[in-house]
Amino acid sequence: MEITDFYLIDEGRLKEILERYNPRKILVQLPEGLKHFYPSILTHIKNLLSRRNVIIDLDASPIFGSCLMDTSITSHYDIVLHFGHEEYPYWKAPKNIFFIKLISKNNISDDTLNRFIKFALDHHLIKLALYGTAQHPLESIGERLVDAGLEIVNDIKRGTIFGCWFSDLIETVKMADGVIVVSGGDFHPLGVGLYLNNSKPIISLDPYTDTFRHFNNLVYGVLKKRYYKILKASEAHAWMILAGVQGQFRPAIVEKLKQEIEERGDEYFIAHSAYVTRETLGNIDNNKIDAFIITSCPRLPIDDLSDFYKPVLTPGEAFMVFNNILQRYLYPW
Ligand code: SF4
């Protein structure tokens, strides 16, 4: 199977980079779900090279986003071609990393869009904020919605969102009756729901399943679980702050958490890890730790560690505890 069966590669940018840097050693980075396509990507790159005997290797380390990569590997290459993500807004990647767009060939069908339009009209969702992930262009969907009498309140050129960064949504949502998130799976619409405190209707348009889904019930369920964790953590007096690396190192947030904990008269420990799993927490846990705060990826406590036997909070949740402000859920920090 070829990657081009499913994605359009930003060929112009790829060509330009290869011509400009004429590299001898190239490292390829692909998102987790696309790594198995590497033979077809390598052939694709080879066909664009003017020089022969170029080394092209795959980075097999986890690539969950453009926020985290192993620079002890990337620094050995002339250029690193990172496919499928845009640059993480909170981090400037090393100069030899180049982001190449992959545009999904999966589209929302006319039938699904028509059903969504009827749903939107029936539920008075007329003014819509339209956002999505880097792989899914928003233009044609936006045009179709406008043609049907709906209004898009944001500039869709700035419509790309990440799991913890939502472009200008906090401003545009004030004008919107609801938010549409074009992406595969639950990850991004759930992030939007947490970020907005479930305050507006959130609809996902999923090009992989060709469906639309109302997301507020799912967000509500997750919020209920998070509030339970927050309340449990409010009894803690000893905290483990687990900090990340690269784009997931957030020194200002770590400092602020330390200050808050000191002001409470509580104790804290700090640990660093590029990747955090249940095993990571299990290995460093002991009877002197009451609760964990993960400052690297704010989705880890919510998606991966929500059933850990001690409370594991995001920075936003920890600030809710320290400032005793529970009325509004704070995501991500
Ligand atoms: S949600 Fe996590 S993986 Fe996604 S961009 Fe943020 S820190 Fe990176």
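Not measured: the values here are computed from a predicted model. What's counted below: heavy atoms across the whole structure, side chains too, no hydrogens, waters or symmetry copies. Start at 1 and go down the list; that is how both ligands and their atoms are numbered.
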Checklist entry - What protein heavy atom sits nearest atom 8 (Fe) of ligand 1, and how far away is it? => result Cys67 SG, 2.3 Å
Next on the checklist: Run Tyr131 and Asp168 through side-chain hydrogen bond (donor to acceptor under 3.5 Å, both in side chains) and show every step you take.
Outcome noted: CA-CA 10 Å; Tyr131 291 84; Asp168 53 1; 2.6 Å; yes
Next on the checklist: Check contact between Arg250 and ligand 1, using heavy atoms of the residue and a distance below 4.0 angstrom.
Outcome noted: yes
Checklist entry - Is the Phe6 ring parallel, tilted or perpendicular to the Phe37 ring (thresholds 30°, 60°)? => result tilted
Checklist outcome for this item: Under 4.0 Å from one or more heavy atoms of Gln248, ligand 1 contributes atoms 7 (S), 8 (Fe)
Checklist entry - Can you tell me if an N/O/S atom from Cys164 lies under 2.8 Å from atom 2 (Fe) of ligand 1? => result no
Checklist entry - Under 4.0 angstrom from ligand 1, any heavy atom of Gly65? => result no
Item to check | Close-contact set for ligand 1 against Gly163 heavy atoms, below 4.0 Å | outcome: 1 (S)
Checklist outcome for this item: Arg299 heavy atoms within 4.0 Å reach ligand 1 at atoms 1 (S)
Checklist entry - Please walk me through it: do Thr74 and Thr71 pass side-chain hydrogen bond (donor to acceptor under 3.5 Å, both in side chains)? => result CA-CA 5 Å; Thr74 61; Thr71 47; 5.1 Å; no
Next on the checklist: Assess the residue pair Glu317 and Tyr329 against the criterion (side-chain hydrogen bond (donor to acceptor under 3.5 Å, both in side chains)); give the C-alpha distance rounded to whole Å, side-chain angles, the decisive distance to 0.1 Å, and a yes or no.
Outcome noted: CA-CA 7 Å; Glu317 292 166 348; Tyr329 182 75; 2.5 Å; yes
Checklist entry - Mind checking whether His82 and His85 have parallel, tilted or perpendicular rings, split at 30° and 60°? => result tilted
Checklist outcome for this item: Here the atoms of ligand 1 under 4.0 Å from any heavy atom belonging to Tyr88 are 5 (S), 6 (Fe), 7 (S)
Item to check | Whether His214 and Phe119 hold their rings parallel, tilted or perpendicular, with breakpoints at 30° and 60° | outcome: perpendicular
Checklist entry - Heavy-atom contacts under 4.0 Å between Trp165 and ligand 1: side chain, backbone, both, or neither? => result neither
Checklist entry - What orientation do His272 and Phe249 show, parallel under 30°, tilted 30 to 60°, or perpendicular over 60°? => result tilted
Item to check | Proximal atoms of ligand 1 relative to Cys297 (non-hydrogen, under 4.0 Å) | outcome: 1 (S), 2 (Fe), 3 (S), 7 (S)
